[in-house]
Amino acid sequence: MTINPKAVLAAAVLLLAGTLTTPGRAMDQLDAPETVTIDALADLYKPVEFSHKRHAQLARCKDCHHHTTGQQDMDPNCVRCHAQSPETGRVSCQDCHIKKQFYPEQVIAGNNPNIYHIDKPGLKGAYHLNCVPCHIKKNAPSECDSCHALTDKGRDFFHVGGEKNGKAGPAKGKDEHAR
Amino acid sequence: MNKLINRRGFLQGSLVASAAATVSLAKKSEAATFEGYPNAMGVLVDLSRCVGCRSCEAACNKEQNLPAPAKPFNDFSVFDEMQHGQKRRTDETRYTIVNRYDIPGREHPLFRKIQCNHCQEPACLTSCFVNAYTKTPEGAVIYDPDVCVGCRTCMVACPFYIPTFRYSSAFHPRIMKCVFCYDTRLTKGLPPACVESCPQEALTFGRRSDLLDMGKQRIRENPGAYVDHIYGEHEAGGTAWMYISPAPFEQAGFDVTVPKEPILNYVKDFLSIVPMVLTIWPALFAGFHLLATRKDKMEQQKKNENEGEV
Ligand code: SF4
Ligand code: SF4
């Protein structure tokens, strides 16, 4: 089992990319990198330092990686096809969830009648749709600015005036507006 | 397309000729529903995903070069703003807004993004005497300020209260509303700015027909998570922007009384337009005059082009 978390970090992928475990054994959290810098979408916001280690202690692999790590996802919509799915070669979010969601290539690809996943979120959607509900449920921070610091471009975008503290929105009132 | 134009032409003609005849004819008219352009695009808004971050409002403001907002787009106190007992509405400075709905019995509020729904058979279009509106094959309902005479019929006709009037200049009437990022994005096959900015993918952009499949799949595969209805599949004759919701639509501020047929199939065309004809007579004639001169202009242009080719 060889892993190089640094390489993963450098490539800025969310999770361990190609390395395979011994055949027949499901991946476990030891196979995963400790921290990941999520900067694939950084533009209005600064990159996010994601502690994979900490999250791997709090959740099961399948909670984020679905069926790809060899753990069974018992969601009735998934087991219809993935009840016996072995772990896959690539398990990083952006291996399946594309950055350019809703761009022409993707819209055209949706035309293929052989595609079952007609409604697969893009990368940004996949992160938020997976992270936010769990953060809310577990009372973890769920305001925009609890994970994201605005860049200058982001401050212009949101028309934030005044002192530049790199914070998005009112910092108080935790979870006041999130659902 | 033919049907659209025919019916619109028919309406204009009959308004001038005889309002009474309009009603009897309209009832017989077979042009009841225009199924829409086959590859028209749309957006499916999933209320269960929206967290009210207002990124879409900010993106729209930037894309459409709208005036700076009174409060930053990440100021969430706007959700408590009320005007005349109503929640915020779109206007000439903001083509889209997000409102919060605190629904009794629900742990978290719902947020609803509002903008032009880009109807399949837009009432704004059918009601406009000077053809200022166009429904494009891509699905957008766009507007041409050059021919608009400022009569504001479209504002009355729209079932969703979307077109707003820019009062700042009395001599250059201009209706302001969402154009689906038509010129800057849609024609290039790109998703509208709001959709691209949404972190939650609460806004799904795609072919309208595909979106209906997706919406139905989400409802089917998540039992109990949604009300079994896609708002906009049939409302107002079908709209390009459609919604699914975890709570009954009326609780999230939707008008559930909007008819399931195109608005101008309705008696509304008779009841509201006849008195309007009387009140806006001058504007109407100005419109016809404009139309006529515009046609001349276009013919002249064509002639010039043809000459250029030779
Ligand atoms: S929502 Fe209103 S403005 Fe938009 S297309 Fe429909 S009738 Fe026209
Ligand atoms: S950007 Fe998306 S999540 Fe945020 S308010 Fe708009 S629709 Fe809702």
Side-chain angles (χ1 to χ4, degrees), chain A residues 41 43-45 75-78 80 97 100-111 116-129 131-133 136-137 142-145 147-148 150 153-162 167-173 175-179, chain B residues 39 41 43-44 46-55 57-59 61-62 68-77 79 98 100 106-111 185 188-192 195-207 210-211 213-218 220-223 246:
Chain A
L41 302 161
D43 177 33
L44 303 176
Y45 300 98
D75 184 316
N77 292 318
C78 306
R80 284 206 298 269
H97 298 279
K100 290 270 171 199
Q101 179 77 331
F102 306 133
Y103 274 55
E105 311 81 61
Q106 187 247 358
V107 172
I108 291 162
N111 244 1
Y116 173 77
H117 289 290
I118 56 168
D119 192 16
K120 187 170 66 183
L123 187 57
K124 182 166 60 172
Y127 286 141
H128 290 99
L129 288 173
C131 301
V132 178
I136 290 176
K137 201 164 90 202
S142 57
E143 288 291 289
C144 306
D145 63 355
C147 294
H148 302 288
L150 282 174
K153 190 174 169 192
R155 296 175 58 81
D156 289 346
F157 181 80
F158 283 97
H159 288 263
V160 185
K167 280 241 166 186
K172 323 256 154 26
D175 199 16
E176 207 95 272
H177 79 288
R179 61 173 200 97
Chain B
N39 281 320
M41 307 302 281
V43 173
L44 180 68
D46 187 335
L47 263 50
S48 76
R49 292 185 176 184
C50 179
V51 293
C53 72
R54 301 184 67 213
S55 301
E57 289 187 39
N61 177 279
K62 183 166 178 232
K71 291 178 187 167
F73 284 110
N74 53 6
D75 182 337
F76 304 115
S77 67
F79 293 135
V98 178
R100 186 191 63 211
R106 287 191 70 86
E107 204 183 330
H108 299 290
L110 286 185
F111 296 90
R185 289 168 160 265
K188 301 180 182 126
L190 303 180
V195 169
E196 195 163 0
S197 76
C198 177
Q200 286 285 110
E201 226 168 273
L203 315 171
T204 300
F205 172 73
R207 259 183 236 96
D210 294 345
L211 294 177
D213 291 344
M214 289 181 204
K216 284 170 189 164
Q217 191 185 54
R218 279 188 210 172
R220 192 177 58 240
E221 293 193 343
N222 300 285

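Reminder, nothing fancy here: chain letters follow the sequence lines and each chain counts from 1. Basis for what follows: all heavy atoms, side chains included, without hydrogens, waters or symmetry-related copies.
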Note: vs chain A, highest number of non-hydrogen pairs under 4.5 angstrom among B:G206, B:S77, B:S197 is B:S197
Do A:K120 and B:E201 sit within salt-bridge range, that is, some charged N less than 4.0 Å from a carboxylate O? no
Pick whichever of B:E107, B:R218, B:K188, B:M41 has the most heavy-atom pairs under 4.5 Å with chain A. B:R218
Of all of B:A202, B:A58, B:C198, which one pairs up most often with chain A through heavy atoms under 4.5 Å apart? B:A58
Among B:L44, B:D210, B:V195, which one satisfies side chain to side chain contact (heavy atoms under 4.5 Å, CB included) with B:T204? B:L44
Can you tell me how the ring of A:H148 sits relative to the ring of A:Y45, calling it parallel under 30°, perpendicular over 60° and tilted otherwise? tilted
So, the part of B:E196 with a heavy atom under 4.5 Å from chain A: the answer is both
According to the interplanar angle, ranging from 0 to 90°, do the rings of B:F205 and A:F102 count as parallel (below 30°), tilted (30 to 60°) or perpendicular (above 60°)? perpendicular
Residue B:A59 versus chain A: region with a heavy atom under 4.5 Å: both
At a heavy-atom distance under 4.5 Å, which candidate from A:D75, A:I118, A:L44 has the highest pair count against chain B? A:I118
Honestly, the part of B:Q217 sitting under 4.5 Å from a heavy atom of chain A is side chain
Looking only at heavy atoms, what is the nearest atom pair of B:R100 and B:P109, with distance? CG-CB, 3.6 Å
Atom CD of A:E105: over 12 foreign heavy atoms under 6.0 Å: yes
Given the options A:F158, A:F157, A:Y103, which has more heavy-atom pairs under 4.5 Å with chain B than any of the others? A:F158
